[in-house]
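What you see below is based on every heavy atom in this structure, not just the backbone, and it leaves out hydrogens, waters and symmetry mates. If you read the sequence from its start, that first residue is 1, and numbering goes on from there. Note that ligands are numbered from 1 as they come in the structure, with each ligand's atoms numbered from 1 the same way. From a predicted model like this one, the values you see are computed outputs, not experimental measurements.
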Amino acid sequence: MSATNEISAKVRAAGVVGAGGAGFPTHVKLAAQAEIFIVNGAECEPLLRVDQQLMARHADALVRGLRHGMAATGAKEGIIALKAKYKPAIAALEPLLPPNVRLHFLKDIYPAGDEVITIWMATGRRVPPAKRPIDIGVMVSNVMSLINVAHAVEEDRPVTLRPVTVTGAVKTPMTLIAPIGTPLAELLARAGGPTRPDVAYVGGGPMMGHLLHDLGDPVTKTTSAIIALSEDHIVVRRHRQSMQSVLRIAKTTCEQCLLCTELCPRHLIGHELPPHLIVRSLNYNHVGNPSTLLSALTCSECAICEAFACPVDISPMRINIALKAQMRAQGLKYEGELRPADPMAEYRLVPITRLLQKLAIQQYSVPAPLQDEVLVPAQVVVRLQQHIGAPALAVVGEGERVRAGQLIGEIPEGSLGARVHASIDGTVTAVTPEAVTIRR
Ligand code: SF4
Ligand code: SF4
């Protein structure tokens, strides 16, 4: 078996997925050939404290994971892109770098972690609209994913644990390591619970995250944070806003000030995407250049237009999301070319300090120290779909004894997917098409 195939096979067996986004199966990604392999260590969502601490604590495993990734993809150059302010991570990584791997220091701006922006900042290459990084020879992977790659390749260790930052209006902000399937409520309890009664919870970051409706839901391979905020907090209200309300405000208040477009990161680096024209087109029964509307398909959903740029609380992003759903259902594609980048692009990306103010979360921008001890839940509910692709098929039955790391969900034959493993020792108490429940 070639080195590429061997690495990919071990990564597949361990169930590694992209830990920073939607959970694309890593073994599929590693099957491509690349020139440059980038570790995305930006962690630009305000309040998240996972990757920056993992890079400091597990620098060695990260560099080894990167080398495996480079070997699998044939990449000759490796770049670890992280913020200049992550001093402990930089100090831990610098002595470990092989000659063909360098650090790239990112400014403390948002969205430095949007992979299209990370690539541009770290290499000067620009991903054309509707294309993928690999189309310009670049592979990007998340910190946790590459640490998991190192564990998979060197120890055949499957993915069973997930670090999660618990922060915001909680007694003791911290970053916890939880077996996959642990109820979110247990993480919240370990952080001391909420500091106020009227609290809502956001999963992921305040910009690109989502409201958590049930704290009984389990941790998955892509869970990065639980953020407690008051019910009337601007971030929570933004998430609760109905689509009817988004459309009504857009129709009645858009003053075509252009700020959403002038600050759109994708537009700044030379993509057509002009949110102000999409809002205008929508307000006037889709008049305008058809390509303009189609460019909504290239929106990264970074939320800059909605949460930072628009002075009258319009959400071009929500409009783009709705348009994307319609266009994808019709099989439409965007085919516009890359244009020249805005000469001021670098200076128009948003400093995190200003974003914290705008989102009214400065008081929550505090350390959330990574805890050594792994949580010990009495029961886990391990979802069979924690990734892009087909759900895994359960390969265990009720009453069966399983050990942590044992395979419990297999990729369906011929499908895109990822394997799923038991995260604790125990007895399987329920198996459904959605999840396997294990009681310690
Ligand atoms: S969410 Fe808004 S700012 Fe971000 S890429 Fe989409 S249109 Fe641009
Ligand atoms: S920033 Fe708001 S008001 Fe200005 S053009 Fe964009 S949607 Fe309209």
Considering only heavy atoms from C-beta outward, does the side chain of Arg348 approach that of Asp342 to under 4.5 Å? yes
Find out whether Val16 and Lys29 are in side-chain contact, i.e. whether some heavy atom of one side chain is under 4.5 Å from a heavy atom of the other. no
Note, atom 8 (Fe) of ligand 2 has protein N, O or S atoms under 2.8 Å numbering 1
Taking all heavy atoms of Pro206 and all of Ile227, pick out the closest pair and write down the distance. CD-CD1, 3.7 Å
Do other residues, nucleotides or ligands put more than 12 heavy atoms under 6.0 Å from the NZ atom of Lys85? yes
Lys83/Asp51 salt bridge by N-O under 4.0 Å criterion: no
With a 3.5 Å cut-off and no angle check, do the side chains of Thr261 and His276 form a donor-acceptor pair? yes
Classify the side-chain pair Glu272/Tyr334 by whether it contains a donor and acceptor separated by less than 3.5 Å. yes
For the residue pair Ser295 and Thr292, confirm or rule out a side-chain donor-acceptor distance under 3.5 Å. no
Taking everything shown except Arg67 itself, do over 12 heavy atoms lie less than 6.0 Å from its CZ? no
Considering only heavy atoms from C-beta outward, does the side chain of Val143 approach that of Val39 to under 4.5 Å? yes
Given that the side chain starts at C-beta and the backbone is N, CA, C, O, which of these parts of Glu306 lies under 4.0 Å from ligand 1, counting heavy atoms, or is it both or neither? neither
Ranked by distance from atom 7 (S) of ligand 1, the top protein heavy atom is Asn320 ND2, 3.4 Å
In ligand 2, which numbered atoms sit nearer than 4.0 Å to a non-hydrogen atom of Pro311? 1 (S)
What are the atoms of ligand 1, with element, lying closer than 4.0 Å to any heavy atom of Met317? 1 (S)
Can you pull out the closest protein heavy atom to atom 6 (Fe) of ligand 1? Residue, atom name and distance to 0.1 Å, please. Cys299 SG, 2.3 Å
Against heavy atoms of Pro265, which atoms of ligand 1 measure under 4.0 Å? 3 (S)
Distance-minimising heavy-atom pair for Ala345 and Leu268: CB-O, 3.6 Å
The closest protein heavy-atom partner of atom 8 (Fe) of ligand 1 is Cys264 SG, 2.3 Å
Please state which part of Leu263 comes within less than 4.0 Å of ligand 1, counting heavy atoms only: side chain, backbone, both or neither. neither
Where is the nearest protein heavy atom to atom 4 (Fe) of ligand 1: which residue, which atom, and how far? Cys302 SG, 2.3 Å
Closer than 4.0 angstrom: is that true for some heavy atom of Cys305 and an atom of ligand 2? no
